[in-house]
There are 2 protein chains.
Amino acid sequence: MDAQQRKRKPPFDREEGLAKAQALFHARGYDAVSIADLTQELGINPPSLYAAYGSKAELFERAMQRHAAMNALPLAKILVPSRPPDEALTALLVAAARQYGADERLRGCMVTEGMRADDKAAREMAHAIGQAGADAIHAYVAAKAPKRARQITDYVLVTMRGLSSFACLGMTQARLVAVARLAGRALESEFTAGSRG
Amino acid sequence: MDAQQRKRKPPFDREEGLAKAQALFHARGYDAVSIADLTQELGINPPSLYAAYGSKAELFERAMQRHAAMNALPLAKILVPSRPPDEALTALLVAAARQYGADERLRGCMVTEGMRADDKAAREMAHAIGQAGADAIHAYVAAKAPKRARQITDYVLVTMRGLSSFACLGMTQARLVAVARLAGRALESEFTAGSRG
DNA sequence: GCCATTATTTAGCGATCGCTACATGTATCC
DNA sequence: GGATACATGTAGCGATCGCTAAATAATGGC
């Protein structure tokens with residue numbers, strides 16, 4: 001350590017850093033991404049990260065919010081009330097399958113997968129963010145089949161959860177979409193008047 | 001450390017220890033269970049654990065094998081060739097839903113959830129063990145609808161994966177079973193001669 | 001009795017975890 | 001210029017991770 005001076009880089013781009021963190025968390029999941037991974041990817045040191053984002057959990061939360069804002073499925077466009085509900089929900093499943101298998105590195109649903117993190121705080125953040133989407137689907141279904149809304153919503157969410165998991169496991173987009181289409185067939189007779197209760 | 005003598009307990013029961021480890025891994029998942037958790041639960045010290053089971057990953061593998069041997073779904077009894085295949089596969093989904101939601105603490109499928117562990121070795125062990133079940137289902141389906149075997153098998157596995165995840169998230173057994181039954185409806189028209197492909 | 005084997009004990013290894021104290025540098029106000 | 005605010009740098013905190021070396025106690029063969 002001779003005549004070495006400490007150099008300082010200009011302040012780093014927080015939005016760009018958040019985008020990189022989002023990609024890392026999405027690709028590997030909350031628990032498998034360390035602070036060291038993040039600081040290396042963002043090209044900064046830990047104090048800068050904490051000054052900018054507060055903590056690993058808060059950074060994860062902001063990354064999920066960014067993901068939800070930029071990559072969320074267009075529920076409002078897919079679940080239009082004028083559409084036959086079985087067709088609309090099938091379209092939702094297919095759209096999810098497409099997105100979950102679209103990017104080779106960012107597979108599955110970041111929020112949905114986050115719900116199964118080992119860290120409790122991360123889990124709860126993911127659950128809170130995911131609840132909004134679940135509520136939207138439930139509200140749509142309830143308008144079409146009030147008595148069976150919970151079961152149908154459960155089914156759609158379970159299928160999406162399975163699609164996300166298999167996407168993370170490497171299933172191709174084509175196979176995911178084929179599964180989504182087949183899954184939609186279970187809904188075909190669910191919205192006819194008085195069907196099954 | 002006065003006149004304190006080192007006392008030694010009798011050798012611990014390895015099978016009982018494996019059972020306890022199995023429960024721990026099932027309840028919390030591979031990554032979230034530490035060696036300290038295991039040694040405390042088994043009432044032993046780390047060297048005893050390593051002498052008996054080799055490593056954390058090997059212990060996990062043996063726990064999964066034990067789980068598969070004792071708690072596996074009775075595929076051979078459910079997927080009997082004489083049964084209508086849509087009915088048999090629905091029964092499989094329902095049986096899975098029942099099992100995944102049966103025990104308050106041991107929710108979901110240990111093997112299936114293990115496939116998503118952060119640790120690579122654990123993931124691969126779970127994948128290898130789970131492959132046997134997937135192959136069995138595929139073989140059954142292929143005997144009934146060779147051309148659509150992969151898609152139908154994918155659908156069944158995705159649904160089971162979703163059921164396991166939601167079981168881990170706390171969904172009641174009744175709701176899981178209802179989802180399984182609804183999921184089965186997608187299969188009703190898949191095995192009629194020449195349907196869709 | 002006596003040794004070899006086996007299983008336990010205490011104690012701690014090196015690595016990594018999330019996170020932070022403190023000093024150094026730059027920018028902004030006056 | 002000088003003071004203040006702030007973001008960066010180095011360095012390292014205490015805790016936990018999976019795992020193990022070395023010493024001690026029980027066991028079985030002879």
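Chain naming here is simple, since letters A, B, ... match the order of the sequence lines and numbering starts at 1 in each.
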Could you tell me how far apart Phe12(A) (CZ) and dT26(C) (C1') are, to the nearest whole angstrom? 16 Å
Going by salt bridge (Lys or Arg N to Asp or Glu O under 4.0 Å), name the residues that satisfy it together with Arg116(B), two or more places apart in sequence or in a different chain. Glu113(A)
Is the terminal nitrogen or CZ of Lys56(A) (NZ for Lys, CZ for Arg) located under 6.0 angstrom from the six-membered ring centre of Tyr50(A) and within 45° of that ring's axis? no
Rounded to the nearest angstrom, tell me the gap between atom OH in Tyr53(A) and atom C1' in dT20(C). 19 Å
Contacts under 3.5 Å, N or O only, protein and nucleotides 16-21 of chain D:
| unit_1 | atom_1 | unit_2 | atom_2 | d |
| --- | --- | --- | --- | --- |
| dC17(D) | OP1 | Ser34(B) | OG | 3.3 |
| dG18(D) | OP1 | Lys56(B) | NZ | 2.7 |
| dG18(D) | OP2 | Ile35(B) | N | 2.8 |
| dC19(D) | OP2 | Tyr50(B) | OH | 2.8 |
| dC19(D) | OP2 | Lys56(B) | N | 3.1 |
| dC19(D) | O5' | Tyr50(B) | OH | 3.1 |

What is the distance, rounded to the nearest whole Å, between atom CG of Leu42(A) and atom C1' of dA7(D)? 15 Å
Starting from Leu106(A), walk the hydrophobic network (Ile, Leu, Val, Met, Phe, Trp, Tyr; side-chain heavy atoms closer than 4.5 Å) and list everyone else you reach, by chain and number. none
Charged N to carboxylate O under 4.0 angstrom, Asp37(B) versus Arg28(B)? yes
Salt-bridge contact Lys20(A)-Glu16(A) (side-chain N to carboxylate O under 4.0 Å): yes
Should the pair Glu188(A)-Arg185(B) be classified as a salt bridge under the 4.0 Å nitrogen-to-oxygen rule? no
May I have the distance from Leu49(A) (atom CG) to dA7(D) (atom P), rounded to whole angstrom? 13 Å
Do any side-chain nitrogens or oxygens of Ser48(B) fall under 4.0 Å of OP1 or OP2 in dT8(C)? yes
